[in-house]
Structure formats: C-alpha cells, structure tokens
2 protein chains.
Amino acid sequence: MTRSALTRDEVLAAAAALVKRHGPAALTMRGLAAELGTAVTSIYWHVGNRESLLDALVERTVQDMGAIRPAGRTPAERIVSVARILRRELRERPHLIAMVHERGLTERMFLPAQRALVHEVRAAGLRGARAADAVRAIQFQIVGFLLVERNRERSPAQSPAEGELWDPRAAPDDPALARALARPADPERLFLLSVRALAQALLTPDAAAPPASG
Amino acid sequence: MTRSALTRDEVLAAAAALVKRHGPAALTMRGLAAELGTAVTSIYWHVGNRESLLDALVERTVQDMGAIRPAGRTPAERIVSVARILRRELRERPHLIAMVHERGLTERMFLPAQRALVHEVRAAGLRGARAADAVRAIQFQIVGFLLVERNRERSPAQSPAEGELWDPRAAPDDPALARALARPADPERLFLLSVRALAQALLTPDAAAPPASG
DNA sequence: ACCTGAACACCGTTCAAGT
DNA sequence: ACCTGAACACCGTTCAAGT
C-alpha cells in the first residue's frame, strides 16, 4: 500500500481542498499529512513550512481568478461592474479575502482590477495624481467593503443583535428610518449603492467643490 | 511571597497590557498566568476561557473610547469629522479593530458613531430608508477603510512592492499617474478624500440620478 | 532526492485535589 | 470561594536516520 511519490502540487491541491471546505484554521500540517497519507515531515520537505504553504495557496488561487472584463456604457458603470466582478469572484472563494489580506497580498490580488480602474478613470477624464487618488479610493472602498461583509456573515450573530441594538429613540420622528436600521442590511444592494455613489463623486469634474448642503 | 487574591479585573488589566504591547496573538493563557504569578488554571476560574477573556477585553476597550462629538458647519463636514474621530480613536488602540471585527462586535463598537451619522444624515434632509442606506454606506466605508489601512501597516512589505508591481505601461501617456501609483498611498489623505466624496454623493438630492459622465 | 519517527517546545482546556 | 499541579489532546518545527 505504498503511495506514489508525493509532489508539491499534490500537497497544494490537498491544502486548497481543506481550506475550501473548512477554512484556513482547519489547515493543520498534521491534518494535511493524514489527508495525504504521508508523514508530517514530508510536507515540510515539499513546501517549507506552514507560512509558505499558505503563501503558495494564495498565489495559486489568485491566479485562478478570472480576468476583469468591465461592462457598461459609461466609465462609472464600468467601474461598478469591476466592483461587481471582484465581489463575485471573491464570494466564490470565501476564505480567500481574509487570507490574502492577512498575508499582505492585497496589492497583488488587486493588480488586474487596478489596471481596469485606471483605464476607466482616465476614460472619465481624470489625469495624474487626481486619477491615482480616485483609483485608490475605489480600490480601498471595494476591499474594505468585502472585508466587512465577509466578516459579518462569518459571525452573523452580532451581540447584541442589530435590531435590539438600535434604539428607536435616536430617530423618534422617523419610524421608517428606525425600521430600516433595525432590519439586517442587504449587502449586495449596499455595495453597489456605495461604489456607485463614490465613483460618481470622484468622477465629476467639480469634486473639489465644497459639499452640497449647509 | 504569596500574592494577594487574584481578581477578574486584575486578569483583564494584565491581558489588556499584553495585547497592547504585542497584539492578541501574544496573549496566551500560560503567558498571562506567568505575568500574574499564578497558575494557568486560576485564570480559567476568573474569566472562563480565552474566548470570553477576549470578549471582555473588547467590551472594556470599546467602553474606554471617547464620545463622538462631531464638529463642522455642514452635515457633510460633520460626517467627515465623525470619520476622523473614529480613525483617531482606533489608531490609538491598534489591535482593537481586528479584534472587534473578528468577534463580530463591529455593530456594538459603532453604535455611538451610528447615532451621530443618523443625526447628520437627517440634518442634510434625508429620511427613511434612504437615510438608513446613507448611514450604512458611510459606516461600511469607514470600518472597511480602517481594516484595510490597519492591515497595510501590519504587513508593510507588500510582495511584490507597490512600486515594482505597478507597470508603467498600463498608463503610457500619463507619467504623473504612473508615478503617483508607484508612490505609497497617504492613508489619512485618502481616507478623508474618500469619506468626503461618498458623503457628498449620498447627501446630494439627486443621488438617484445617472452618473455624470458618458 | 525524498521520506520517516522521535522529540522539542509550545498551545487551550479539564479535572480531581487541595485550602 | 479560590487556587493548584497533573494530564489530555492538540499544535508547528527540527533533526538524525533511513532508502
């Protein structure tokens, strides 16, 4: 019953499967060895240690992600579509966001999206430092939102729950507002709404102007 | 050399100090016991287990945070000031954001800020579900940004570095843009710029209108 | 070149026993 | 009521030894 020679790819595949099923915390060197039917120490020979195993895993998954093909008639619409694509890609790999983020590989993962954003921002007429700011603001917005959203569903039982938490007295004369805040948020809607609003503000020529009301 | 009776508060204080100095990962039950000069098991008697110890720690730190007193002439300005206050408070407690986030206590921590945002959004004339959306979008934006920013400084060595990563060929006719993206981002500037842009877009009456350009 | 078991230095947690 | 040491079931990693 000797197994065929263990390869690095085999180790990575098994590790990826483990992470996919039960998350990064479930990926233990010993558990992985058991899964593969080898001694723990063999894994070390192939991948170095747990850290570099995770690094390799992230790199592999990032490369698996599809290309960014923005759709829409206007730059703003296409920026929203970039956001939507990223959200979908990342939601198909639920554990990836946190892993990428923890390893400081967010830049790496966002490179294709950044290219697309640069293109759209320039199509909207922005140039130089102002264009770079817009790209980064949108980039941070997308990653940030996905991190928050991901975390919310990982620990859905907020304590105290959002409903109990929200004190209607804070908006006594606006029951609709109180009700809306007591309801759980619809993340997809909120995501698109946020990106759209930010993109709109960043792309309008008078973004440097003072805020509208007051 | 018998120590005086151990109290729950004493345990929490020592744990808080440990986390403050070296982060949550450095908080081990055994290390904490050593710090306190007691047996590991005594700690269990006082705080249950590591999970509830962390919970108590978070709750304590959140309560330590100052009140939110928005400043500024317009609702938009005051929203930005809320964001700025939160950022400062959280940067004074570098390990808190991640801990709160991991424990699903973000709602709890953001309650005072949410109240302030509700007030400002209503002052800008928004009502009902639309006001709730605006509050939540801004809230997500702030938390998300702070998570991303915090992570960036925890692992400053992005691999590959931002500079190397950025391929100038992606913006061949805009060297200023390429240079700006090759430089590290100024997080504070980007943060304020982002919140300002989002708030502006959400507060303007015609936010439902189609994007400006195209 | 690749694999192995034994060992080291850690974890969090439980439990029976002390005072 | 509070504290203790011993023990259990885990970790990641190293190392000398095998083939």
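In what follows, chains carry the letters A, B, and so on, assigned in the order in which the sequence lines appear, proteins first and then strands, with residues in each chain numbered from 1.
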Measure from CG on B:L27 to C1' on C:dG12 and round the result to the nearest Å. 12 Å

For atom CG of B:L36 and atom C1' of D:dC3, their distance in whole Å: 13 Å

Near-strand residues of residues 45-53 of chain A, defined as heavy-atom separation under 4.0 angstrom from DNA chain C: A:W45, A:H46

In whole Å, I'd like the distance from the CZ atom of A:R30 to the P atom of C:dC11. 15 Å

Test: B:E153 and B:R91 ion pair at under 4.0 Å: yes

Salt bridge or not for A:E35 and A:R30, using N-O below 4.0 Å? no

Taking only Lys NZ, Arg NE, NH1 and NH2, and the carboxylate oxygens of Asp or Glu, determine whether A:R189 and B:D133 approach each other closer than 4.0 Å. yes

Length of the line joining B:I43:CD1 and D:dC2:P, which is rounded to integer Å: 15 Å

Using Watson-Crick or G-U wobble pairs with both distances under 3.5 Å, give me DNA chain C in dot-bracket, 5' to 3', with [ ] for crossers and | for pairs to another strand. ||.|||||...|||||.||

Would you say the side-chain atoms of B:R78 pair up with the backbone N or O of B:A71, donor to acceptor, closer than 3.5 Å? no

Given D:dC3, C:dT13, C:dG5, identify the nucleotide with an atom nearest to the side chain of B:L6. D:dC3

Rounding to a whole Å, what distance do you find between A:Y44:OH and D:dA16:P? 17 Å

So, does B:R8 use its side chain to make a donor-acceptor pair with the main chain of B:V47 at under 3.5 Å? no

Under the 3.5 angstrom rule, does the side chain of B:D174 hit a backbone N or O of A:R127 as a donor-acceptor pair? no

More than 12 heavy atoms of other residues, nucleotides or ligands under 6.0 Å from CZ of A:R21: yes or no? yes

For A:F191, does its backbone N or O pair with a side-chain atom of A:R87 as donor and acceptor, under 3.5 Å? no

Out of D:dC3, D:dT13, C:dC3, which nucleotide sits closest to the side chain of A:M29? D:dT13

Choosing from C:dT4, D:dT13, C:dC11, which nucleotide comes nearest the side chain of B:T28? C:dC11

Using only atom types and a distance under 3.5 Å, with no angle test, would you say the side chain of A:N49 pairs donor to acceptor with the backbone of A:S52? yes

Per atom distances to the A:T41 side chain, the nearest of D:dC3, C:dC15, C:dA6 is C:dA6

Considering only side-chain heavy atoms of B:V40, which listed nucleotide, D:dT13, C:dT13, C:dG5, is closest? C:dT13

